[in-house]
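Every chain is numbered from 1 and lettered A, B, ... according to where its sequence line falls, protein lines coming before strand lines. Since we're looking at a predicted model, the values are computed, not measured.
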Amino acid sequence: MTEESPNQAIPINASQPIGEVLVYIEQCLGELQPVGLELLGAGRQLADKLERPLSAIVLGYNLGDIPKTIIAQGADKVYVADHPDLEQYRTLPYRRVICNWLEQMEVEPHTMLLGSTTTGRDLAPRIAAHFTTGLTADTTELDIGPYEHKGGSDPSKIGLYANCLYAIRPSFGESLKARILGPWKNPQMATTRPGVMIPLKLDWERHGEIIPIPVNLLQEDYRLVVEETFREVNKGVNLTQADVIVSGGYGLGGPDGFELLNQLAACFDNAAVGASRKVVDCGWVPYVHQVGQTGKTVRPKVYIACGISGAIQHRVGMQNSDLIIAINKDPDAPIFKFAHHGIVGDLYQVIPEMIRQLKKNSNTSSTKEVSSIV
Amino acid sequence: MSGITDIIVLIKQVPDTTSKAGLNPDGTIDRARAKRMLNPFDRYALQAALHVKKTYGGKVTALSMGPPPAVEILLEAIEHGADQGYLLSDRRLAASDTLATAYALHKCILYLGKFDLLFTGLQTTDGDTAQVGPQIAERLDLSQVTYCEGFSIQNGKLHARRIIEGGHQDVITELPALVTVANAYHTLEYKTIRGARLAQELLRDEALKNQYIHTITLDDVNADPELCGLKGSPTIVAHTDKVGQIGGQCTMHQGKSADILIKEIMDCTNIKEFAKQ
């Protein structure tokens with residue numbers, strides 16, 4: 001066995017039919033969430049490698065053109081559950097419809113991908129536990145490839161497997177990347193971080209099949225009701241979708257410092273205000289702003305860290321930003337060890353100057369009043 | 001009357017990444033040398049469970065899975081006001097992934113019997129998956145509220161606010177239910193005098209400790225060892241790569257007036273491209 005080259009060995013799963021790649025598409029109040037489109041981009045590559053169709057599943061009510069858009073974004077097939085009781089995401093009804101459908105499919109999907117959003121992280125573990133299949137959280141890379149299992153405590157798993165989903169995710173404070181596999185059972189599942197995968201170009205010429213799927217809910221699926229959904233999309237707290245994040249730490253000296261950060265954020269087209277855990281714990285800003293190990297993981301194009309010391313817990317949430325600019329009065333602050341540009345100085349002099357120069361740079365003189373972001 | 005009688009809170013002991021002890025220079029954790037702590041996310045879950053006890057009544061049971069030292073966090077829970085602790089500790093659990101962990105824990109919960117609320121933290125700092133809670137809920141066929149940042153109990157139902165992308169959602173669910181508590185909720189702060197005193201006594205008196213903290217095995221909870229540990233785990237870590245040290249070449253701007261410092265930043269970065277035109 002050990003002498004044998006993997007190229008000559010016949011994979012254990014060679015004779016099994018390969019299912020399609022299925023992507024869960026998130027929509028909220030009729031609006032497609034970007035992560036679903038990113039997953040279609042990633043899923044397309046996996047499906048092409050497997051030479052299987054890329055399918056998508058979307059649930060909601062009055063979905064209108066959404067299924068067509070999903071095809072234009074790369075899917076070969078869209079399974080659509082359009083029903084009044086699915087208007088808002090709820091764990092139990094959504095889980096019921098999806099699990100019922102997967103059970104009806106002739107060949108279960110090879111791979112199923114969901115976003116690691118509040119919805120995806122709520123739903124994916126339910127589906128995985130229902131089918132007792134493997135689920136890898138918060139992946140940042142996906143691939144298909146072979147795997148030879150050489151041992152471990154379970155001899156029944158030993159052997160060569162073809163066409164495994166490689167679910168790759170950072171772990172241990174993001175200093176390690178782990179490749180996680182589970183070829184023993186399909187669907188091989190993963191959630192994927194928003195903002196990481198690249199969507200395909202919208203192409204209305206693309207052809208695909210729209211397939212309505214049954215909605216058979218049970219009484220017990222109605223144990224939870226949604227009273228109200230509040231969306232604050234324009235309030236600058238959508239950290240995972242912002243190009244620029246202006247983030248504040250304890251060095252701001254108090255909650256009023258965030259007023260200045262709001263002004264700086266308002267100088268950019270698509271900016272959000274972030275915060276370190278310490279200032280959230282102090283109650284200066286709400287938790288939704290928190291970046292770091294116990295907050296959001298972000299990778300904007302520009303991250304401006306203001307008065308943040310740069311402890312490992314914060315760092316792991318933002319270190320993959322394309323450009324990190326740190327402003328701190330302590331030249332020995334750990335943040336200067338991993339920022340790209342460090343400004344040593346007083347925030348209250350540096351930030352107003354940055355605002356002034358950014359505004360000077362803009363061509364128009366309109367100074368629209370910007371409502372408070374925090 | 002709220003009708004709440006039994007509250008279970010799931011907690012986990014994790015390596016303390018805030019301490020330098022046990023942290024290798026490359027950022028990986030040496031578990032043998034690392035200090036241990038209560039998973040920071042679980043502090044919110046424990047606080048939520050204790051809040052229910054204080055406000056609506058009921059008994060709080062802290063449940064954990066891990067090697068014997070994890071008794072420390074059960075003692076910590078008692079210091080804060082939990083009524084009892086259970087530790088599922090069994091060598092056959094080694095290398096469990098989230099599905100196998102959820103299987104073992106759901107058997108423990110069935111073993112504990114009736115409950116109204118099952119609290120967990122959002123995720124752990126060592127696994128970072130947020131999967132075990134909902135996987136247990138699926139096994140137990142529970143309603144669930146994840147990312148919960150505040151709640152009340154009215155007429156035997158849980159009224160909760162949960163975080164969603166760029167907003168909130170208010171939901172009402174029947175009990176029993178799983179609640180994963182976001183760290184927007186209150187964190188654990190005070191130890192109760194009675195709890196702290198009791199924990200001291202438990203440390204001195206082994207027999208008394210055994211009345212409050214129960215160490216149980218897979219056999220006690222009637223769990224199938226084939227579904228636990230490496231055998232019961234559908235996923236494996238096939239390979240790990242070190243990620244190169246990030247940063248290390250920070251260009252420093254200092255010792256000049258603010259306007260010059262900012263001009264330098266404007267000149268050598270692309271931030272202007274993102275400014276409003």
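No side-chain heavy atom of B:I236 sits less than 4.5 Å from a side-chain heavy atom of A:I180. Inter-residue side-chain proximity for B:D141 and A:R223 is flagged as met; some heavy-atom pair is nearer than 4.5 Å. At least one side-chain heavy atom of B:M252 sits less than 4.5 Å from a side-chain heavy atom of A:F336. Considering only heavy atoms from C-beta on, B:T251 stays 4.5 Å or farther from A:H340 through its side chain.
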ask   = side chain to side chain donor-acceptor pair (under 3.5 Å) between B:Q144 and A:R126: does it pass, once the steps are laid out?
value = CA-CA 10 Å; B:Q144 74 184 28; A:R126 299 287 305 221; 2.9 Å; yes

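With sequence neighbours excluded, no residue forms a side chain to side chain donor-acceptor pair (under 3.5 Å) with A:Q33. The ring-ring contact (aromatic ring centres under 6.0 Å, His included) search around A:H130 returns none, not counting sequence neighbours.
Using a 4.5 Å cut-off between heavy atoms, A:D243 contacts chain B through its side chain alone, with no backbone atom that close. Proximity to chain A (any heavy atom under 4.5 Å) is shown, for B:L158, by neither the backbone nor the side chain. Contact annotation for A:V244: only side-chain heavy atoms (C-beta onward) come within less than 4.5 Å of a heavy atom of chain B. Looking at A:Q88, the atoms closer than 4.5 Å to chain B (heavy atoms on both sides) all sit in the side chain, from C-beta outward. The contact between B:Q123 and chain A is made entirely by side chain atoms (from C-beta outward), counting heavy-atom distances below 4.5 Å. If you measure heavy-atom distances from B:I265 to chain A, the contacts under 4.5 Å come from the side chain alone. B:K157 does not touch chain A: none of its heavy atoms, backbone or side chain, sits under 4.5 Å away. Of the atoms belonging to A:S116, not a single heavy atom falls under 4.5 Å from chain B. For a residue to count as touching a neighbouring chain, one of its non-hydrogen atoms must lie under 4.5 Å from one of that chain's; by this rule B:F41 touches chain A with the side chain only. A:T91 touches chain B through its side chain: at least one heavy atom from C-beta onward sits under 4.5 Å away, while N, CA, C and O do not. Neither the backbone nor the side chain of B:A102 comes within less than 4.5 Å of any heavy atom in chain A. Residue contact with chain B, scored on non-hydrogen atoms closer than 4.5 Å, involves the side chain of A:L323 exclusively. Within the 4.5 angstrom heavy-atom criterion, only side-chain atoms of A:R95, from C-beta onward, approach chain B. Heavy atoms of B:S257 lying under 4.5 Å from chain A are absent altogether. For a residue to count as touching a neighbouring chain, one of its non-hydrogen atoms must lie under 4.5 Å from one of that chain's; by this rule B:L99 touches chain A with the side chain only. At a 4.5 Å heavy-atom cutoff, the contact between A:L92 and chain B is made by side-chain atoms alone. For A:V302, the part lying near chain B is the side chain, with the backbone staying farther off; criterion is any non-hydrogen pair under 4.5 Å. Interface remark: B:D259 contributes backbone and side-chain atoms alike to the contact with chain A (heavy atom separation under 4.5 Å).
Per-residue heavy-atom pair counts under 4.5 Å with chain B were compared for A:Q188, A:K157, A:Q241, and the maximum is reached by A:K157. Residue with the most contacts toward chain A among B:K256, B:H159, B:R162: B:R162 (heavy-atom pairs, distance under 4.5 Å).
In this structure a side-chain-to-backbone donor-acceptor pair under 3.5 Å is missing from B:E174 to A:L224.
For A:A128 against B:Q135, the heavy-atom pair with the smallest separation is CB-NE2, 4.1 Å.
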